[in-house]
Amino acid sequence: MSTNIEHLETDSGLDPKERCIAMHLHWFDAVVEIEQTVIDLIDAELAVRLRILPVKIENGRLHVAMLSPEDIEASDEVATIANFPVSRCGMESQIFSELMRKHYGTTAARMAESLGSESTAFESTDHNLDAIEADNILVMAEQPTLINLVNLLLLEAIQQRASDVHIEPFETELRVKYRIDGVLVEQPPPPKHLQPALTGRIKIMSSMNIAERYVPQDGHIALRFEGRKVDIRVSTIPTLYGESIVMRILDKSTMPLDLLSLGMTQTMQNNMDKLIEKPHGLVLVTGPTGSGKTTSLYAALNKLYDPRKKIITIEDPVEYELNGINQIPVNPKRGLTFASGLRSILRQDPDIIFVGEIRDGETADIAIRSALTGHLIFSTIHTNDAVSSIGRLIDMNVESYLVASVLEGILAQRLGRRICNDCKELVPLSEDLSHRLTAEELPKFNEGMWLGKGCEKCNNSGFKGRVGFFELVVVNSPLRNAISENRTASDLASILPKGHVTMRKDAMDKAISGITTIGEVLQATQDADSDF
């Protein structure tokens, strides 16, 4: 099937409506009545994924409304499934959303509820899940309604900006949770008897072995959502009552590619720019798991990209594909570790190397010696604050004078939730929080503190998005000398420059300006600054 459109030269500066008119497409400006027989041609999952709405059949053609009428691939997919030639129409986003809610109000929860009543296809006569044969799971997992349920679970998670989808089996229930802005939010649970089919469908989509239920497995799903590619990393582990599944959503369109949008101040970014533009040396980013270390380094690599430079990364796993940068996934089963991969990378004549994580002495030693021989090395390390990472390298049997020679800077960071701009308000400082502020911080909240009261746009959480809290240590001559003398972390902290901004200070400044809350600051930085 093909779509009905003349490919005309149009001005890219035109707004969407003018562009559609230039392309000889109709534009709907009013709510239209759509017959149910037309709606039935496209199921809810496909309509949501492609942002497409069937409007009418006229002269043997299916007219569809689209938010992006220029998306030829989407209309071709609809033409194939609906078995009609398709004509594309534009529609105002507000009208489009209203009609989508009216005709495709199907959510994953509603679909799971309806599947719960259709027990004949999914219920097993044996309540022991281990007794269900792999062939039966395959049949259940390929039911069209079950396929749509899994697709809707993923699409809803992407729409709600979730970073992970958790499916947790228990004795009498199956729980589904989305991690949104770092916090797990429980969703309406699907019926327990759907567990084998649901698990089987996800394992089929991620190319896992559905017959193997007692060994952890890893897989990958690639989805096309609203015209963009979304990668999903899938992990399963066996538990008492079945396999627990976590799907990590890697949506590049939501990843900030500059340090300012991550929440870094202009002054700190200027200092970071000086570090990443050095011809050689070692730059570390430190923090616990999930603190955004990799995202910060991706932003730095994106800024550094130059076709005249050879940039190679070795990661576990490769989270996002970066244009023009050679990325290597660690594969221990085949003998490709950080250490062995780093040795091979050096034979590729690189200018800049990103090592996903320094975990052991061998990797640390190779990374430091690579920096000594004229390479710029970026890496991450797990410590609570910036200065502690120096001691961690020395604990890995790296000589202190070598660390002092190559280390150029350390960025420590955490993530906190941003207050929703649509519902934030200034309220009096609560007594329990005031007791946890220092004498220097307390006067800055005399006028009150910022909170999000909750609204439709933030799912009544009061938060929308995340922001980084940073501490940047630039290694200067006094600090370099102290490192070579193997001084303690407290000694190193005492000789930091006078204007040094601690992570707590950076985070509190964001709370004062209404970017985040005091509670988020206290929770994120309680182990980062030894002074408090």
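We count residues from 1, following the sequence as given.
Proximity of Ile202 to Val234: side-chain heavy atoms (C-beta onward) are separated by under 4.5 Å at one or more points. Counting only heavy atoms from C-beta outward, the side chains of Met66 and Met91 never approach each other to under 4.5 Å. In this structure, the side chains of Ser163 and Tyr178 stay at 4.5 Å or more apart for every pair of heavy atoms. Between Gln413 and Ser296 there is a side-chain heavy-atom pair separated by less than 4.5 Å. In this structure the side chain of Leu62 reaches within 4.5 angstrom of the side chain of Val78, judged on heavy atoms. Side-chain contact between Arg61 and Val86: absent, with no pair of heavy atoms (C-beta onward) separated by less than 4.5 Å. Looking at Leu153 and Leu198, their side chains come closer than 4.5 Å, going by heavy atoms from C-beta outward. For the pair Leu342 and Ile353, the minimum side-chain heavy-atom distance is below 4.5 Å.
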Please tabulate, for side-chain N and O atoms in residues 461-468, each donor-acceptor pair with protein atoms closer than 3.5 Å (sequence neighbours left out).
from   : atom 1 : to     : atom 2 : distance (Å)
Ser461 : OG     : Cys458 : O      : 2.7
Ser461 : OG     : Phe463 : N      : 3.2
Ser461 : OG     : Phe463 : O      : 3.0

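Using a distance-only test at 3.5 Å, with no hydrogens or angles considered, a donor-acceptor pair links the side chain of Gln327 to the main chain of Tyr320.
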Apply salt bridge (Lys or Arg N to Asp or Glu O under 4.0 Å) to residues Glu212 and Lys203 and explain how you reach the verdict.
CA-CA 10 Å; Glu212 180 55 77; Lys203 291 171 78 172; over 6 Å; no
Derivation of the side-chain hydrogen bond (donor to acceptor under 3.5 Å, both in side chains) call for Asp360 and Thr363:
CA-CA 6 Å; Asp360 52 63; Thr363 307; 2.9 Å; yes
Does the pair Asp258 and Lys303 meet the rule for a salt bridge (Lys or Arg N to Asp or Glu O under 4.0 Å), with working shown?
CA-CA 7 Å; Asp258 66 273; Lys303 189 180 182 73; over 6 Å; no
For side chain to side chain contact (heavy atoms under 4.5 Å, CB included), just list the numbers for Leu184 and His166, CA-CA rounded to whole Å, side-chain angles, deciding distance to a tenth of an Å, and then say yes or no.
CA-CA 9 Å; Leu184 283 174; His166 294 245; 3.5 Å; yes
Between His382 and Thr289, is the side chain to side chain contact (heavy atoms under 4.5 Å, CB included) condition met? List the steps.
CA-CA 8 Å; His382 287 279; Thr289 301; 3.4 Å; yes
Step by step, would you call Ser87 with His63 a side chain to side chain contact (heavy atoms under 4.5 Å, CB included)?
CA-CA 5 Å; Ser87 291; His63 292 256; 3.8 Å; yes
Phe354 vs Ile312, test: side chain to side chain contact (heavy atoms under 4.5 Å, CB included). Steps then yes/no.
CA-CA 6 Å; Phe354 167 35; Ile312 305 180; over 6 Å; no
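Comment: Arg88 does not engage Glu70 in a salt bridge, judged by the lack of any side-chain N to carboxylate O separation of less than 4.0 angstrom. No salt bridge links Asp422 with Lys453; every basic N to acidic carboxylate O contact stays at or beyond 4.0 Å. Salt-bridge check for Glu321 with Lys229: passed, with a basic side-chain N closer than 4.0 Å to an acidic carboxylate O. Salt-bridge annotation for Lys177 and Glu168: present, with a side-chain N of the basic residue lying under 4.0 Å from a carboxylate O of the acidic one. Salt bridge status for Glu171 with Lys192: absent, with no side-chain N to carboxylate O gap under 4.0 Å.
The neighbour count for Gln159 CD, taken as heavy atoms of other residues, nucleotides or ligands under 6.0 Å away, is above 12. Within a 6.0 Å sphere centred on CD of Gln160, other residues, nucleotides and ligands contribute more than 12 heavy atoms. Counted within 6.0 Å of CZ on Arg248, heavy atoms from surrounding residues, nucleotides or ligands total 12 or fewer; the atom is thus considered open.
Scored by the side chain to side chain contact (heavy atoms under 4.5 Å, CB included) test, Arg51 finds Leu67, Ser68, Phe96, Glu226 as partners (sequence neighbours excluded). Checked against salt bridge (charged side-chain N to carboxylate O under 4.0 Å, His left out), Arg175 has the following partners two or more places apart in sequence or in another chain: Glu173, Glu186. Here Glu362 pairs with Arg343 under the side chain to side chain donor-acceptor pair (under 3.5 Å) rule; sequence neighbours left out. By the side chain to side chain contact (heavy atoms under 4.5 Å, CB included) test, Val183 is found to be paired with Arg417, residues two or more places apart in sequence or in another chain being considered. Residues forming a side chain to side chain contact (heavy atoms under 4.5 Å, CB included) with Gln523 (at least two apart in sequence, or on another chain): Glu520. Lys310 meets the salt bridge (charged side-chain N to carboxylate O under 4.0 Å, His left out) test with no other residue; sequence neighbours excluded. Every side chain to side chain contact (heavy atoms under 4.5 Å, CB included) that Pro329 has, sequence neighbours left out, goes to Val318. Every residue meeting the side chain to side chain donor-acceptor pair (under 3.5 Å) condition with Thr383, not counting sequence neighbours, appears here in chain and number order: Thr286. With sequence neighbours left out, Glu456 forms a salt bridge (charged side-chain N to carboxylate O under 4.0 Å, His left out) with no residue at all. With sequence neighbours left out, Lys293 forms a salt bridge (charged side-chain N to carboxylate O under 4.0 Å, His left out) with no residue at all.
No option in Thr294, Ile345, Leu301 other than Leu301 meets the side-chain contact (heavy atoms from CB on, under 4.5 Å) test with Thr313.
The distance from atom CZ of Phe378 to atom CG of Leu297, rounded to the nearest 0.5 Å, is 7.0 Å. Atom CD of Glu77 is separated from atom CD1 of Ile72 by 14.0 Å, given to the nearest 0.5 angstrom. The line from CE of Met264 to CZ of Phe469 is 13.0 Å long, rounded to the nearest 0.5 Å. Atoms OG and CD1, on Ser379 and Ile358 in that order, are 3.5 Å from each other to the nearest 0.5 Å. Note: Ile34 CD1 to Ile39 CD1 = 4.5 Å, rounded to the nearest 0.5 Å. Annotation: the span from Ile167 atom CD1 to Ser244 atom OG amounts to 8.5 Å, rounded to 0.5 Å.
Residue pairs meeting the side-chain hydrogen bond (donor to acceptor under 3.5 Å, both in side chains) criterion with at least one member in residues 330-341, sequence neighbours excluded, are Thr337-Ser340.
Side-chain N/O atoms of Thr37 and Asp40 include no donor and acceptor closer than 3.5 Å.
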